[in-house]
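A short worksheet on the structure shown next.
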Amino acid sequence: MGKLSMEAVGVRRVLGGCFRVPSREAIDLWAGRNVYLRPKATETPGYYDPRRTPYASLITDWFQNDYGNSELWFMKSSRTGGTESALNCIRWMPGNRPGRVLYVIETAEKAKDVVENRLLPTIRDVAADYLTGNEDDLGKTKLSLRNMIIEAAGAGSESPFTEKQVLFGVLDEVEQHELNKTRTASGTTVELMRSRFPTSPGAKMLVISKPVLAGGIMDVGWREGTMEVYEVPCALCGVMQELVPDNLRFAHCKDVFSGWDLERVLAETYYECAGCGGQLDWHKHQAGMVAGGRWRATNDKPMPGRRSAHISDLYSPYDAVSWGRLALGVVKAAGNDRRRQFMVNNHWGKPWAAKAMERKEEDLLRLRAGVTDVESKEMLGHPFFWGSVKAERQLPVVPKLLCIGIDVQQSCLKYVLGAFDAAGELSLVDYGDPAGDADLEEQVLDRVWRDPEGGEHRVMMGWRDAGYQKLQQVDWCMRTFKRYHVWPSRGEGTQRAKSAVWMKVETYEQRTYQIYYYADSVLKERLYLEQIGELRRPRLWLPTDADQHPGFLYELTNERRILDMKSGYPQWKWDLPQGKPNDYGDCCKMLYGIWMEVGAKVSAG
């Protein structure tokens with residue numbers, strides 16, 4: 001046979017790419033021979049190793065061989081290799097099953113990173129025959145090959161879903177997609193992706209994400225599928241079992257008197273077999289057990305066409321999430337709702353079955369200055385007492401900012417005075433419910449306060465709530481501003497908030513004034529969740545005798561954060577039971593708003 005002309009070679013190359021017989025080799029094994037991961041794409045560069053995360057082959061096997069299920073919901077933890085398996089499916093497609101790909105992740109920046117650092121270098125390696133030769137076809141978020149298009153996009157708008165139909169759609173970290181948070185009229189990104197599927201069979205959608213809340217989009221998708229769990233054989237007795245957090249054992253690393261020995265927790269944590277009760281070691285046993293694992297469906301009545309699977313960091317090969325390090329996370333999260341939720345979502349790969357988050361009096365008493373810590377035996381903060389502070393006007397610290405939050409309601413006027421030190425720690429030095437503005441001015445605003453070094457201070461700045469009878473509050477602020485520097489302020493809901501704190505110029509009776517607005521939920525999270533719940537630094541301090549002021553403590557325990565169903569999905573909202581006051585809580589919240597606005601300038605000065 002004679003040689004082919006150059007034109008014939010070109011035609012043969014193109015047509016050969018379009019009609020190549022798909023490989024029968026499993027995708028994960030194919031990736032092990034062909035996919036070389038660069039340092040920017042992984043912490044373990046080199047050829048992809050399917051043996052490290054054998055459970056992730058569920059994704060590639062489903063894509064390659066499962067013709068009965070068009071959807072797979074992979075509910076995962078943070079370090080399980082699921083995303084890399086999804087990318088391996090895309091890398092395999094040009095030479096075996098070409099078709100349009102749409103990969104959607106939280107933001108446009110992350111979409112660019114996926115294409116530039118994880119997809120494009122490997123596509124050049126494994127699909128060189130299908131590149132057009134035009135570098136313009138290899139964009140930051142779109143790769144145009146001879147036989148298919150791969151596009152990545154952020155989930156902040158509906159535009160990625162208005163293009164042509166797709167053969168493979170990937171929704172990565174679907175819980176974080178902005179469209180799913182705002183619930184647009186067009187639907188969730190899941191519904192929008194389904195609308196891109198062609199009528200002919202073969203199109204598939206992979207939804208892969210850490211879950212957030214019970215009843216959330218990932219939790220519902222998982223429960224409506226096959227609910228597969230990964231079972232591994234015990235290295236001691238061979239009994240197949242799912243690895244669950246409850247079987248981690250590290251209680252023996254805690255002493256009744258000295259508390260947790262964290263070095264022992266890291267070194268001595270083991271997993272107790274559900275069959276023989278034996279002690280399984282992460283370094284000796286985990287990898288071999290995971291290698292011998294299998295998937296098992298637990299839902300015999302799934303939604304037709306949907307598979308779902310769950311995997312946690314208990315199966316992960318990475319030392320950063322060894323059983324000992326996971327146990328350390330559990331210890332550090334004790335008593336802290338937000339850290340506990342982080343453990344559940346990020347490491348157990350489970351939705352947070354949240355109850356109402358509310359503060360109790362014992363939570364507030366942990367904020368007392370001058371009290372000895374049970375574990376460290378050290379005194380916390382500088383002791384001070386509300387009784388002597390009010391009588392002697394003596395501050396416990398040298399303040400960088402002495403400020404006041406004033407809450408006005410129909411039947412009362414209340415205030416909280418706070419002293420921020422150079423480190424940003426806040427001491428609540430006084431509170432009260434004056435008979436009126438004249439009493440507030442005389443007893444608080446006009447007084448001189450002394451610090452431990454003998455320095456004298458007056459209130460430097462304040463916010464006065466203008467939610468009730470706004471014009472009256474604005475009028476008082478304008479009349480007294482030169483003396484007290486108290487601004488009117490008002491909280492806004494999340495949807496209307498421009499930022500955490502912002503100033504706006506408004507007009508009242510032909511006079512221009514400035515008013516501070518703030519994102520109400522942001523300041524409440526700062527006060528109730530971070531400062532009170534987590535004891536976050538810089539610390540919030542109550543006086544040593546705070547237990548003698550039950551009325552103040554009561555008001556800071558009344559507001560709670562609860563789950564509310566919106567458009568069929570759970571969302572957090574703040575709730576104040578009818579008839580229960582939270583005025584002092586609102587005053588404290590304002591103090592943090594003031595610090596957010598001027599703290600950096602004050603500290604630098």
Side-chain angles (χ1 to χ4, degrees), residues 26-28 30-31 35 48 50 53 55-78 80-94 96-106 110-111 114-115 118-119 122 148-155 160-161 165-177 179-180 188-198 201-211 216-228 230 295 297 302-311 349:
I27 292 177
D28 59 337
W30 171 89
V35 175
Y48 175 79
T53 54
Y55 46 79
S57 65
L58 171 79
I59 294 174
T60 52
D61 181 67
W62 159 79
F63 180 76
Q64 186 176 16
N65 302 312
D66 189 343
Y67 296 98
N69 293 288
S70 61
E71 296 184 11
L72 172 60
W73 291 65
F74 195 76
M75 188 168 70
K76 67 181 185 68
S77 53
S78 59
T80 50
T83 297
E84 204 62 62
S85 287
L87 296 178
N88 281 337
C89 295
I90 298 173
R91 295 162 178 146
W92 177 84
M93 288 178 68
N96 297 278
R97 191 181 298 169
R100 193 180 187 97
V101 173
L102 177 58
Y103 182 101
V104 181
I105 197 167
E106 303 107 293
K110 288 190 175 183
V114 167
V115 172
R118 303 183 73 175
L119 273 177
T122 52
M148 63 180 286
I149 292 175
I150 303 169
E151 184 174 6
F161 304 97
Q165 295 177 329
V166 300
L167 184 65
F168 186 35
V170 181
L171 298 174
D172 199 353
E173 295 300 348
V174 70
E175 287 274 14
Q176 304 304 321
H177 291 188
L179 290 179
N180 298 339
T188 65
T189 51
V190 173
E191 293 163 334
L192 290 168
M193 184 67 84
R194 287 192 184 118
S195 71
R196 296 294 89 207
F197 279 9
K204 292 195 172 186
M205 178 176 72
L206 172 63
V207 185
I208 182 169
S209 181
K210 296 182 290 291
I217 190 169
M218 197 67 203
D219 180 42
V220 171
W222 144 259
R223 293 185 181 280
E224 290 179 346
T226 50
M227 297 177 64
E228 296 175 41
Y230 196 69
W295 287 99
M303 180 176 290
R306 180 178 299 179
R307 286 181 71 177
S308 62
H310 165 257
I311 199 74

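Source: prediction; values computed, not measured. These numbers come from the heavy atoms of this one structure, side chains and all, not from hydrogens, waters or symmetry mates.
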Fill in: Side-chain donor or acceptor of H177 paired with backbone N/O of L171 under 3.5 Å
no
Worksheet item: Any side-chain heavy atom of V170 within less than 4.5 Å of one from V104?
Response: no
Worksheet item: Can you name the ring-ring contact (aromatic ring centres under 6.0 Å, His included) partners of Y55, sequence neighbours left out?
Response: Y230
Discussion item. Taking the side chain as everything from C-beta on, heavy atoms only, tell me whether I59 gets closer than 4.5 Å to I208.
Written reply: yes
Practice prompt. State the CD1-CG distance between I27 and N96, to the nearest 0.5 angstrom.
Written response: 7.5 Å
Worksheet item: Checking T226 side chain against A297 main chain: does a donor-acceptor pair fall under 3.5 Å?
Response: no
Worksheet item: Is there a donor-acceptor contact under 3.5 Å from the side chain of R196 to the main chain of F161?
Response: yes
Item to complete: Using modelled atom types only, decide if a donor and an acceptor are shared between the side chain of S85 and the backbone of T60 within a distance under 3.5 Å.
Response: no
Item to complete: Could you walk me through whether E151 and V166 pass the side chain to side chain contact (heavy atoms under 4.5 Å, CB included) test, one step at a time?
Response: CA-CA 10 Å; E151 184 174 6; V166 300; over 6 Å; no
Worksheet item: Is there side-chain contact between M93 and P98, with heavy atoms separated by less than 4.5 Å?
Response: no
Worksheet item: Can you find a pair of side-chain heavy atoms, one from W92 and one from V35, that are under 4.5 Å apart?
Response: no
Item to complete: Any chance you could measure D172, atom CG, to L87, atom CG, to the nearest 0.5 Å?
Response: 8.0 Å
Item to complete: Could you check if a side-chain atom of R194 sits within less than 4.5 angstrom of a side-chain atom of M205, using non-hydrogen atoms only?
Response: yes
Practice prompt. For the residue pair F197 and L167, establish whether any side-chain heavy-atom pair is separated by less than 4.5 Å.
Written response: no
Worksheet item: Looking at residues at least two apart in the chain, or sitting in another chain, which of them share a side-chain hydrogen bond (donor to acceptor under 3.5 Å, both in side chains) with S57?
Response: none
Discussion item. Any heavy-atom pair between the side chains of L119 and Y103 that's under 4.5 Å?
Written reply: no
Item to complete: Apply side chain to side chain contact (heavy atoms under 4.5 Å, CB included) to D219 and list each qualifying residue two or more places apart in sequence or on a separate chain.
Response: A214, W222, R223, P351
Worksheet item: Sub-3.5 Å donor-acceptor pair from the side chain of W62 to the main-chain atoms of N69, do we have one?
Response: yes
Fill in: Pairwise side-chain contact, I217 with V174, heavy-atom cut-off 4.5 Å (strictly under)
yes
Worksheet item: Are the side chain of E175 and the backbone N or O of M218 linked by a donor-acceptor pair below 3.5 Å?
Response: yes
Practice prompt. State plainly whether the residues E224 and R307 are in salt-bridge range, i.e. N to O under 4.0 Å.
Written response: no
Fill in: R97 charged N/C atom sitting above F168 aromatic ring, 6.0 Å / 45°
no
Fill in: Partner residues of T53 under the side-chain hydrogen bond (donor to acceptor under 3.5 Å, both in side chains) criterion, sequence neighbours left out
none
Discussion item. My understanding is that only residues two or more places apart in sequence, or in another chain, count here; which of them pass side-chain hydrogen bond (donor to acceptor under 3.5 Å, both in side chains) with E173?
Written reply: K76, S209, K210
Discussion item. Distance check, rounded to the nearest 0.5 Å: M193 atom CE versus L206 atom CG?
Written reply: 9.5 Å
Item to complete: Tell me, please, which residues at least two apart from D61 pass salt bridge (charged side-chain N to carboxylate O under 4.0 Å, His left out).
Response: none
Worksheet item: Could you give the distance from CZ (F63) to CG (N88), rounded to the nearest 0.5 Å?
Response: 11.5 Å
Item to complete: Could you tell me whether the side chain of D66 and the main chain of G68 form a donor-acceptor pair under 3.5 Å?
Response: yes
Discussion item. I need the W73 CH2 to E228 CD distance, nearest 0.5 Å.
Written reply: 15.0 Å
